[in-house]
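The structure under discussion appears below in the form of structure tokens.
Only a predicted model underlies this, so the values are computations on that prediction, with no experimental measurement involved. Residue numbering restarts at 1 for every chain, and letters A, B, ... go by the order of the sequence lines. Scope of the values below: all heavy atoms of this structure, side chains included, with no hydrogens, waters or symmetry mates.
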Number of protein chains: 2
Amino acid sequence: MRIGELARRAGVSTRALRYYEQQGLIEARRSANGYREYDEADLRLVMEIRSLMAVGFTLEDARPFVDCLRSGQPSGHACADSVAVYRRKLAEIDADIRSLIARRSEVAAQLALACPGCVLSTGGEP
Amino acid sequence: MRIGELARRAGVSTRALRYYEQQGLIEARRSANGYREYDEADLRLVMEIRSLMAVGFTLEDARPFVDCLRSGQPSGHACADSVAVYRRKLAEIDADIRSLIARRSEVAAQLALACPGCVLSTGGEP
DNA sequence: CTTGACATTGACGTTGGCGTCAAGGCTTAC
DNA sequence: GTAAGCCTTGACGCCAACGTCAATGTCAAG
């Protein structure tokens with residue numbers, strides 16, 4: 001398939017696909033007229049990238065998963081590097097959550113000073 | 001005082017101060033040679049900005065607080081606009097926390113699939 | 001033949017909050 | 001006079017992940 005079809009099927013823009021290629025995440029063979037040609041394996045790569053980005057991974061974070069799939073593994077998280085990224089991202093997310101909770105309490109305290117009673121009506125912590 | 005002293009006392013760069021001025025957050029009168037001249041009130045403005053940024057506010061978020069102080073209020077959160085920003089930011093932070101927690105559980109689930117036992121050793125949620 | 005839908009590369013724009021030169025002017029101390 | 005240390009404006013760089021435009025090529029259908 002060509003880039004437009006891959007984009008539609010993967011739910012991304014053609015620009016994004018060219019960008020992924022530029023970043024070395026995906027490759028395409030070229031047909032005689034210079035058009036990129038993709039197959040079903042490429043679609044799986046792009047879907048893997050998008051599902052990882054959907055949970056907050058960067059393209060660099062996604063790279064080991066893509067490499068894993070391209071190395072012939074049936075799933076992107078079957079490789080040690082991918083698992084390492086999972087663990088690192090989990091730690092990052094935990095740190096972010098802790099930081100946000102700390103900020104929340106600081107802001108809530110300031111709001112309580114500025115407008116007693118306002119904090120109670122905001123709905124509280126999740 | 002001139003820009004260098006204000007920068008030192010506020011703990012910011014001179015570049016940051018010029019940027020705040022460009023964004024209309026602070027003003028400076030000019031001495032005969034064209035140098036910016038600041039007073040203690042300006043120092044308070046900059047400290048207000050920094051303390052807000054320290055808890056994740058953008059410069060735009062800080063604007064109502066600065067306007068409040070410049071209007072003669074003794075504290076930046078004494079105005080209705082400031083309180084509104086506090087409430088909005090609290091809601092934003094809450095949404096961010098919820099989103100991060102959702103991502104965390106998705107990533108943890110993927111990690112559990114990829115490497116059973118890994119999740120338990122990461123320390124758990126905050 | 002031409003229209004239209006596809007494709008190509010290249011390059012600039014976006015967002016926020018500055019960092020980092022560049023090229024020069026002012027002031028004071030030696 | 002000259003070195004040091006302050007200041008000025010202007011302008012490009014950075015980070016991610018593309019969006020968007022430009023100018024052009026390809027190909028099947030009418």
- Message: How about CD on A:Gln23, more than 12 heavy atoms from neighbouring residues, nucleotides or ligands closer than 6.0 Å, or not?
- Response: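 More than 12 heavy atoms, drawn from other residues, nucleotides or ligands, come within 6.0 Å of this atom.
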Residue A:Arg29 excluded, over 12 heavy atoms near CZ under 6.0 Å
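No - once you tally the heavy atoms of other residues, nucleotides and ligands closer than 6.0 Å, there are 12 at most.
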> With under 30° as parallel and over 60° as perpendicular, where do the rings of B:His77 and B:Tyr86 fit, or are they tilted in between?
Replying inline: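 Geometry flag for B:Tyr86 against B:His77: tilted rings.
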Calculate the interatomic distance between [X] atom [atom1] and [N] atom [atom2]; express it in whole Å.
{"X": "B:Leu52", "N": "C:dG16", "atom1": "CG", "atom2": "P", "answer": "17 Å"}
{"X": "A:Met1", "N": "C:dA7", "atom1": "CE", "atom2": "P", "answer": "12 Å"}
{"X": "A:Gln22", "N": "C:dG10", "atom1": "CD", "atom2": "C1'", "answer": "10 Å"}
{"X": "B:Ile26", "N": "C:dG17", "atom1": "CD1", "atom2": "P", "answer": "14 Å"}

State plainly whether one hydrophobic cluster holds both B:Val107 and A:Leu100, where clusters connect Ile, Leu, Val, Met, Phe, Trp and Tyr through side-chain heavy atoms under 4.5 angstrom apart.
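Yes; tracing contacts between hydrophobic side chains, which count when under 4.5 Å, links both residues.
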DNA chain D contacts among residues 40-48 of chain A, heavy-atom distance under 4.0 Å:
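Hits under 4.0 Å, by residue number: none.
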In B/S/- notation (B base, S sugar-phosphate only, - none; protein heavy atoms under 4.0 Å), nucleotides 2-17 of chain D written 5' to 3' is ----BSBB-B-----B
I'd like to know if [X] pairs up with [Y] as an ion pair, taking the criterion as any Lys NZ or Arg NE/NH1/NH2 lying under 4.0 Å from an Asp or Glu carboxylate oxygen.
{"X": "B:Glu48", "Y": "B:Arg70", "result": "no"}
{"X": "B:Arg88", "Y": "B:Glu92", "result": "yes"}
{"X": "B:Glu60", "Y": "B:Arg63", "result": "yes"}
{"X": "B:Lys89", "Y": "A:Glu106", "result": "no"}

Which pairs, protein N/O on one side and nucleotides 1-5 of chain C N/O on the other, fall under 3.5 Å?
none

I need the A:Ile3 CD1 to A:Arg8 CZ distance, nearest 0.5 Å.
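One finds 11.5 Å between CD1 of A:Ile3 and CZ of A:Arg8.
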Going by atom types only, do B:Thr58 and B:Asp61 share a side-chain donor-acceptor pair under 3.5 Å?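 Indeed, the side chains of B:Thr58 and B:Asp61 share at least one donor-acceptor pair under 3.5 Å.
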